[in-house]
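Keep in mind the model is a prediction, meaning the values are calculated, not measured.
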Amino acid sequence: LSVAIVAGLVFESNQQTPTVSNSVEPADKQRALLSFPIPAVKPVFSGWPCYWPTHIQCWTDWFDRDDPSGTGDWETLYSLRMENPGKICPNPVDIEAETLSGLSVAAAGDVIYKSDTTVGFVCRKSDQPTKTCNDYRVRFSCHPPFCGGGVCWTKWYDRDNPSGTGDWELLSDLRKENPGQICEHPLYIEAQTTDTSTPASSTGQTFLIFNPTEGFVCRNADQKWGGCRDYRVRFGCPCDH
């Protein structure tokens with residue numbers, strides 16, 4: 001299902017996954033970096049209605065699978081995917097690393113062997129003047145539904161049609177008409193046409209309001225040709241709602 005998403009708040013989680021001791025030898029690590037295909041990725045929760053990447057970016061949870069007690073700290077994307085199936089998107093757009101104490105890579109001062117969205121993050125002890133690496137954790141910039149902490153979507157709402165001044169899908173009205181169904185602070189909003197499920201951003205129409213704190217409004221008077229199409233909306237909420 002293709003939908004347009006407008007970002008509200010970037011939901012970031014500072015949770016750290018438990019450390020898993022590394023039993024892979026350096027030679028195996030190199031093969032993992034160079035030879036293994038990326039395993040198929042499925043969404044964490046099959047109940048989410050939108051599985052495919054959109055233009056919204058957010059951060060995954062933090063991952064810390066290795067410590068520098070061996071040859072270094074190997075937070076490779078291949079190994080992280082194997083140990084955390086479905087939690088990292090197929091094509092991350094960015095990577096961030098920090099020490100477990102919260103220092104940036106620059107502040108830590110280590111020489112980093114790899115830090116990209118293809119391999120992941122590697123700090124080798126042999127590259128350091130002190131022959132030791134800090135202990136790092138990493139996260140990746142992805143798209144819903146791979147946001148850290150999880151994003152869950154409400155059902156679709158269509159409270160108005162454009163027969164009057166336009167299509168008014170205001171959050172305040174939707175809350176009154178659907179008490180208890182929408183979280184207090186939505187993170188995202190999606191809008192699409194009711195007839196063809198066309199993303200609102202692909203219709204070429206102009207919108208007075210399109211954000212997760214107010215909702216969605218399309219006014220007939222703002223359109224260059226004809227009136228507004230009929231839209232429906234839904235909201236992305238934290239999954240603990």
Side-chain angles (χ1 to χ4, degrees), residues 7 9-45 53 55-151 187 238-240:
L9 305 174
V10 176
F11 186 75
E12 298 188 0
S13 170
N14 288 324
Q15 294 178 349
Q16 177 183 337
T17 52
T19 301
V20 180
S21 61
N22 182 20
S23 59
V24 183
E25 295 300 323
D28 291 328
K29 291 176 181 174
Q30 294 291 351
R31 286 195 291 271
L33 290 176
L34 301 175
S35 304
F36 287 91
I38 296 175
V41 176
K42 296 181 180 179
V44 183
F45 300 109
H55 65 282
I56 299 302
Q57 294 176 207
C58 58
W59 291 100
T60 64
D61 287 326
W62 289 102
F63 300 102
D64 175 28
R65 66 164 304 277
D66 195 19
D67 59 55
S69 60
T71 59
D73 195 344
W74 296 74
E75 307 293 338
T76 61
L77 190 53
Y78 172 82
S79 297
L80 289 169
R81 279 203 175 102
M82 294 295 291
E83 296 168 13
N84 302 274
K87 293 186 178 181
I88 303 172
C89 54
N91 298 296
V93 296
D94 200 2
I95 183 176
E96 182 178 14
E98 67 176 24
T99 67
L100 297 190
S101 62
L103 290 178
S104 67
V105 174
D110 287 332
V111 177
I112 304 306
Y113 175 64
K114 289 288 184 181
S115 182
D116 58 43
T117 57
T118 302
V119 173
F121 180 89
V122 177
C123 178
R124 300 188 305 186
K125 294 168 70 171
S126 59
D127 297 328
Q128 315 309 317
T130 61
K131 301 305 177 184
T132 184
C133 288
N134 284 281
D135 195 0
Y136 290 91
R137 60 182 182 178
V138 298
R139 63 180 180 177
F140 299 89
S141 181
C142 285
H143 308 273
F146 298 93
C147 301
V151 175
L187 305 174
C239 287
D240 57 1

Problem - Heavy-atom side-chain proximity of Asp67 to Asp73 below 4.5 angstrom - result: no
Practice task
Please check if any side-chain donor atom of Thr132 sits under 3.5 Å from a side-chain acceptor atom of Thr130, or the reverse.
Solution key: no
Completion exercise
Sequence neighbours excluded, the answer for ring-ring contact (aromatic ring centres under 6.0 Å, His included) partners of Phe140 is none
Exercise for the section: State, yes or no, whether a side-chain contact exists between Ile112 and Val105 at a heavy-atom distance under 4.5 Å. Expected result: yes
Practice task
Would you check if Tyr136 and Asn134 make a side-chain contact, meaning some heavy-atom pair closer than 4.5 Å?
Solution key: yes
Exercise for the section: Evaluate the side chain to side chain contact (heavy atoms under 4.5 Å, CB included) criterion for residues Ser104 and Glu96: first the C-alpha distance (whole Å), next the side-chain angles of each, then the deciding distance (0.1 Å), finally the verdict. Expected result: CA-CA 9 Å; Ser104 67; Glu96 182 178 14; over 6 Å; no
Practice task
Report yes if some heavy atom in the side chain of Val119 is under 4.5 Å from a heavy atom in the side chain of Tyr113; otherwise report no.
Solution key: no
Handout entry: Asp116 side chain reached by Phe121 side chain, heavy atoms, under 4.5 Å
Key = no
Practice task
Compare all side-chain heavy atoms of Ser141 with those of Ile95 and state whether any distance is below 4.5 angstrom.
Solution key: no
Exercise for the section: Examine distances only and state if a side-chain atom of Asp64 and a backbone atom of Arg137 form a donor-acceptor pair shorter than 3.5 Å. Expected result: no
Exercise for the section: In plain terms, say whether Glu75 and Arg65 are close enough for a salt bridge, that is, a side-chain N and a carboxylate O under 4.0 Å apart. Expected result: no
Completion exercise
Between Arg81 and Cys89 the two heavy atoms that sit nearest each other are NH2-O, 2.6 Å
Practice task
Would you indicate whether the side-chain heavy atoms of Val122 and Thr76 approach each other to under 4.5 Å?
Solution key: yes
Problem - Side-chain (Lys131) to main-chain (Ser126) donor-acceptor, under 3.5 angstrom - result: yes
Practice task
Check for a donor-acceptor pair, side chain of Asn84 on one end and backbone N or O of Lys87 on the other, with a separation under 3.5 Å.
Solution key: no
